[in-house]
Amino acid sequence: MKFKLNLSPVRSDNALESVAIQGASLVISGTEFDFSFLNDGDTLPNAAIESDAICSDVTRTGDIIELTIRLPHGPDAPESVRFPQPILVEQDGPITLPGETNAN
């Protein structure tokens, strides 16, 4: 399973502790969101997800699960954080987000 993570930058002093992929699950700051039930072409409405970190519907196209997460940043964030590119994740493990100096 692959994840396409779109990032929505937001000015906030509350940083994400960690983001990781485990199979068909996305783990954000220790909370697991399991999307294994999604079939090709399915959409899970954002309203069905109890998270402030996920800010879009979740879709599955083929073997790619796509969603948008909020990317909190400080007042002097670099351009790469304020205007982030989507991240395609093809393997399990921690994800380094724009602005982080190393993997979680």
Side-chain angles (χ1 to χ4, degrees):
M1 192 63 56
K2 300 175 187 175
F3 276 79
K4 181 178 179 185
L5 300 178
N6 300 301
L7 303 170
S8 178
V10 60
R11 171 64 186 99
S12 175
D13 292 327
N14 300 322
L16 295 175
E17 293 173 21
S18 62
V19 178
I21 300 297
Q22 294 177 349
S25 294
L26 177 66
V27 182
I28 301 175
S29 299
T31 302
E32 181 176 354
F33 301 93
D34 181 5
F35 301 116
S36 62
F37 63 91
L38 290 175
N39 295 309
D40 185 18
D42 284 353
T43 297
L44 177 65
N46 182 249
I49 304 168
E50 295 185 25
S51 173
D52 290 335
I54 298 174
C55 59
S56 72
D57 294 346
V58 180
T59 60
R60 179 173 175 187
T61 305
D63 67 344
I64 298 177
I65 296 173
E66 182 173 357
L67 64 133
T68 301
I69 62 173
R70 286 186 173 83
L71 179 63
H73 64 78
D76 299 319
E79 188 169 319
S80 64
V81 174
R82 292 180 288 120
F83 302 99
Q85 296 298 310
I87 300 172
L88 182 61
V89 183
E90 300 187 46
Q91 61 187 13
D92 287 1
I95 300 165
T96 301
L97 297 173
E100 293 181 347
T101 55
N102 55 19
N104 297 320

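One is the number of the first residue; the rest follow in order along the sequence.
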Between atom [atom1] of [X] and atom [atom2] of [Y], what is the distance when rounded to the nearest 0.5 Å?
X: Ile49; Y: Ile54; atom1: CD1; atom2: CD1; value: 5.0 Å
X: Leu5; Y: Ile95; atom1: CG; atom2: CD1; value: 5.0 Å
X: Ile21; Y: Gln91; atom1: CD1; atom2: CD; value: 10.5 Å
X: Lys4; Y: Thr68; atom1: NZ; atom2: OG1; value: 9.0 Å

Worksheet item: With side chains defined as the heavy atoms from C-beta onward, is the minimum distance between Pro98 and Leu7 less than 4.5 Å?
Response: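 Heavy-atom side-chain distance check passes, below 4.5 Å.
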Practice prompt. Side-chain contact test, heavy atoms from C-beta onward, threshold under 4.5 Å: evaluate it for Thr59 versus Ile65 and give yes or no.
Written response: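 No, side chains not in contact.
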Worksheet item: Counting distance only, does the side-chain N/O of Arg60 pair as donor-acceptor with the main-chain N or O of Gly62 below 3.5 Å?
Response: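 Checking the backbone N and O of Gly62 against the side chain of Arg60, a donor-acceptor pair under 3.5 Å is found.
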Discussion item. Applying a strict under-4.5 Å side-chain criterion to I, L, V, M, F, W and Y, I'd like to know whether Val19 and Ile64 cluster together.
Written reply: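 Different clusters: Val19 never reaches Ile64 through Ile, Leu, Val, Met, Phe, Trp or Tyr contacts under 4.5 Å.
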Worksheet item: Can you hop from Ile28 to Leu38 via hydrophobic side chains spaced under 4.5 Å?
Response: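 In one cluster: yes.
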Discussion item. Holding to side chain to side chain donor-acceptor pair (under 3.5 Å), I want the full list of residues that pass it with Ser25, two or more places apart in sequence or in another chain.
Written reply: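 Per chain and number, Ser25 pairs via side chain to side chain donor-acceptor pair (under 3.5 Å) with Glu32.
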Item to complete: Taking all heavy atoms of Ile87 and all of Leu97, pick out the closest pair and write down the distance.
Response: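 Shortest heavy-atom separation between Ile87 and Leu97 comes out as CD1-CD2, 4.0 Å.
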Practice prompt. Write down the atom of Val81, the atom of His73, and the distance for their closest heavy-atom approach.
Written response: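 Heavy atoms only, the tightest pair is CG1-CB, 3.4 Å.
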Fill in: Contacts of type side chain to side chain contact (heavy atoms under 4.5 Å, CB included), residue Ser29, not counting sequence neighbours
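With neighbours one apart ignored, the set is Leu16, Glu17.
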Worksheet entry | Parallel, tilted or perpendicular: rings of Phe37 and Phe35 (30°, 60°) |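 Taking Phe37 first and then Phe35, their aromatic rings sit tilted (interplane angle of 30° to 60°).
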Worksheet item: Is the count of non-hydrogen atoms from other residues, nucleotides or ligands lying under 6.0 Å from Asp52 atom CG greater than 12?
Response: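 Atom CG in Asp52 is not crowded, with 12 or fewer foreign heavy atoms closer than 6.0 Å.
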